[in-house]
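See structure below.
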Amino acid sequence: MAYDYEYFKKEVLSLTGIDLSCYKEKQMKRRIDTLISKHKIEGYDKYVSGLKKEPSLFDEFVNYITINVSEFYRNPEQWKLMDEQIIPELIRRFGKSLKIWSAACSTGDEPYSLVMAFSKHLPMGNIRIHATDLDKQVIEKAKAGLYSEKSIAAVPEEFKKKFFTKVGPSYKIADEIKGRVDFKEHNLLKDTYPTECHLIVCRNVLIYFTEEAKDEVFKKYYRSLTSGGVLFIGSTEQIINYKEIGYERKNSFFYQKP
């Protein structure tokens with residue numbers, strides 16, 4: 001095919017700023033081919049033309065390739081450790097004004113979970129979460145704050161009662177929680193990272209990246225953390241060369257910058 005996947009990757013980079021070379025190729029190409037087939041479009045060149053002309057096609061494409069699978073308090077046992085050890089230690093070490101970054105935050109489940117978790121230890125007014133994602137559509141969903149019953153299944157009962165209101169089949173998160181999170185578009189592969197973070201949370205996102213891209217992101221997170229800061233990653237991930245980068249492992253999913 002004259003217009004092959006390499007051509008497509010260059011066009012996507014130019015159009016969206018998303019570098020598909022940093023994603024596992026087989027997996028990503030399969031997803032994109034499925035999407036193109038759904039629209040009965042023949043070839044990457046015609047699909048690129050469609051992306052340039054039709055905003056709805058463009059938005060659907062970005063939403064589709066930025067894999068958004070999220071839920072509140074995902075892996076509750078890790079959040080228990082966060083509540084009992086990590087948060088108290090961060091407060092002891094750095095005080096009440098903590099810089100917290102929820103990276104690749106998807107539909108907001110993670111940053112809102114962080115606000116609830118910290119609310120057990122700090123007054124709401126002291127909590128501020130910086131939340132970022134590549135996909136502006138999911139950021140809009142996050143700002144709306146409406147979730148399915150399945151999404152909030154793991155939320156502790158005390159927080160469900162306190163911070164969620166049933167609206168039809170959905171659950172709306174309280175403005176009190178929403179008001180503590182600032183959302184912003186951010187590309188982990190090319191944009192500047194925040195600095196002097198006390199806690200960075202990025203879970204179950206980097207599994208889609210190539211090993212080289214993943215390694216680069218973990219190094220950038222290390223540089224983003226202040227000394228004593230903690231990185232919280234997902235249960236599907238591990239930092240194999242964490243010692244080489246400079247991290248100390250607190251347990252399987254929490255890594256600290258000495």
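- Annotation: side chain of Pro156 is not in contact with side chain of Trp79 (no heavy-atom distance under 4.5 Å).
- Connection of Phe61 to Leu13 is not established within any shared hydrophobic cluster, with ILVMFWY side chains joined at heavy-atom distances below 4.5 Å, either directly or through further cluster members.
- A donor-acceptor pair is defined here as one N or O able to donate and one able to accept, closer than 3.5 Å; such a pair exists between the side chain of His121 and the backbone of Asp83.
- Evaluated for a side-chain contact (heavy atoms from CB on, under 4.5 Å) with Phe232, the options Glu110, Lys250, Arg203 yield exactly one hit, Arg203.
- Of all heavy-atom pairs between Leu188 and Ala104, the closest is CD1-CB, 4.2 Å.
- Between the side chain of Glu185 and the backbone N or O of Asp135 there is no donor-acceptor pair closer than 3.5 Å.
- The side-chain heavy atoms of Leu51 and Leu15, taken from C-beta on, include a pair separated by under 4.5 Å.
- At distances below 3.5 Å, at least one donor-acceptor pair connects side-chain atoms of Ser224 with backbone N or O atoms of Pro194.
- Judged by a 6.0 Å distance limit and a 45° cone about the ring axis, Lys257 is positioned over the six-membered ring of Tyr222.
- Taking the six-membered ring for Trp and the full ring otherwise, the centers of Tyr242 and Tyr255 sit less than 6.0 Å from each other.
- The environment of Glu158 atom CD is dense: over 12 non-hydrogen atoms of other residues, nucleotides or ligands sit within 6.0 angstrom.
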Please evaluate residues Gln256 and Glu89 with respect to the criterion side-chain contact (heavy atoms from CB on, under 4.5 Å), reporting the C-alpha separation (whole Å), side-chain torsions for both, the decisive distance (0.1 Å), and the verdict.
CA-CA 12 Å; Gln256 190 163 40; Glu89 185 184 309; 3.3 Å; yes

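- Using a 4.5 Å heavy-atom cutoff, the side chains of Lys29 and Phe8 are not in contact.
- The only member of Lys143, Lys99, Arg128 that meets salt bridge (charged side-chain N to carboxylate O under 4.0 Å, His left out) when paired with Asp182 is Arg128.
- Of the possible polar contacts, none joining the Arg249 side chain to the Phe254 backbone as a donor-acceptor pair under 3.5 Å is found.
- Ring pair Trp101/Tyr221 is perpendicular by interplanar angle, where above 60° counts as perpendicular and below 30° as parallel.
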Let's go through Glu84 and Lys120 carefully: what are the C-alpha distance in whole Å and the side-chain angles of both, what is the deciding distance for salt bridge (Lys or Arg N to Asp or Glu O under 4.0 Å) to 0.1 Å, and is it a yes or a no?
CA-CA 10 Å; Glu84 293 174 356; Lys120 286 179 72 174; over 6 Å; no

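- A salt bridge does not link Glu248 to Lys243: none of the charged nitrogens lies less than 4.0 Å from a carboxylate oxygen.
- One N or O on the side chain of Ser227 and one on the backbone of Pro258 form a donor-acceptor pair closer than 3.5 Å.
- Taking the charged nitrogens against the carboxylate oxygens, Glu60 and Lys38 do have a contact shorter than 4.0 Å, which makes a salt bridge.
- Counting heavy atoms from C-beta outward, Leu20 and Ile32 have side chains that approach closer than 4.5 Å.
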What's the verdict on salt bridge (Lys or Arg N to Asp or Glu O under 4.0 Å) for Lys9 and Glu25, showing C-alpha distance, side-chain angles and the deciding distance?
CA-CA 10 Å; Lys9 286 196 291 188; Glu25 184 154 317; 3.2 Å; yes

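- The closest donor-acceptor contact from the side chain of Ser102 to the backbone of Cys105 lies at 3.5 Å or more, if one exists at all.
- Heavy-atom minimum distance, Met82 versus Val201: CE-CG2, 4.5 Å.
- Phe218 contributes atom CZ, which lies 4.5 Å from atom CG of Leu206 (distance to the nearest 0.5 angstrom).
- In this structure, Ile100 and Ile200 have side chains that are not in contact, with every pair of non-hydrogen atoms separated by 4.5 Å or more.
- Using modelled atom types, one side-chain atom of Asp133 and one backbone atom of Ser106 make a donor-acceptor pair closer than 3.5 Å.
- Between His130 and Val181, every side-chain heavy-atom pair lies at or beyond the 4.5 Å cut-off.
- The CD1 atom of Ile86 lies 8.5 Å from the CG atom of Leu199; values are rounded to the nearest 0.5 Å.
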Trace of the side-chain contact (heavy atoms from CB on, under 4.5 Å) decision for Tyr47 with Leu35:
CA-CA 10 Å; Tyr47 188 55; Leu35 187 60; 3.1 Å; yes

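- Within 6.0 Å of atom CD in Glu77, more than 12 heavy atoms from other residues, nucleotides or ligands are found, so the atom counts as buried in its surroundings.
- Checked by atom type and distance alone, the side chain of Ser170 never pairs as donor or acceptor with a backbone atom of Lys166 at under 3.5 Å.
- By the 30° and 60° cut-offs, the orientation of the rings of Phe72 relative to Tyr112 is parallel.
- Taking each heavy atom of Phe159 and Val155 in turn, the nearest pair found is CB-CG1, 3.6 Å.
- Around the NZ atom of Lys53, the shell of radius 6.0 Å holds no more than 12 heavy atoms that belong to other residues, nucleotides or ligands.
- Ile127 is not listed as a side-chain neighbour of Leu114, based on a closest heavy-atom distance of 4.5 Å or more.
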From CA spacing to verdict: salt bridge (Lys or Arg N to Asp or Glu O under 4.0 Å), Arg223, Glu216
CA-CA 11 Å; Arg223 293 194 287 270; Glu216 187 55 34; 3.6 Å; yes

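- With rounding to the nearest 0.5 angstrom, the NZ atom of Lys46 is 16.0 Å from the NE2 atom of His39.
- Atom NZ of Lys172 sits in a crowded spot, with more than 12 heavy atoms from other residues, nucleotides or ligands closer than 6.0 Å.
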Does the pair Glu211 and Lys214 meet the rule for a side-chain contact (heavy atoms from CB on, under 4.5 Å), with working shown?
CA-CA 5 Å; Glu211 290 306 314; Lys214 202 185 295 184; 3.2 Å; yes

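- Cluster annotation: Leu146 and Phe183 are assigned to distinct hydrophobic clusters (Ile/Leu/Val/Met/Phe/Trp/Tyr, side-chain heavy-atom contacts under 4.5 Å, transitive).
- Side chain of Glu237 to backbone of Asn204: a donor-acceptor contact under 3.5 angstrom is found.
- Between Phe94 and His198, the ring planes are tilted. Angles from 30° to 60° get that label.
- The CD atom of Gln78 sits 13.0 Å away from atom NZ of Lys80, with the distance rounded to the nearest 0.5 Å.
- If you check the side chains of Ser148 and Ser151, you find a donor sitting under 3.5 Å from an acceptor.
- Between the side chains of Asn241 and Tyr247, no donor-acceptor pair of N or O atoms lies under 3.5 Å.
- Once rounded to the nearest 0.5 Å, the distance linking OG1 of Thr165 with CD1 of Ile173 reads 10.0 Å.
- Going from atom OG of Ser119 over to atom CD1 of Ile177 covers 5.5 Å, rounded to the nearest 0.5 Å.
- Ring centroids of Phe164 and Tyr171 are separated by 6.0 Å or more, keeping the two rings apart.
- Between His186 and Tyr193, the distance from one ring center to the other falls under 6.0 angstrom.
- Within the 4.5 Å cutoff, the side chain of Val48 has no heavy atoms near those of the Val12 side chain.
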Apply side-chain contact (heavy atoms from CB on, under 4.5 Å) to residues Phe253 and Ser235 and explain how you reach the verdict.
CA-CA 7 Å; Phe253 313 106; Ser235 55; 3.9 Å; yes

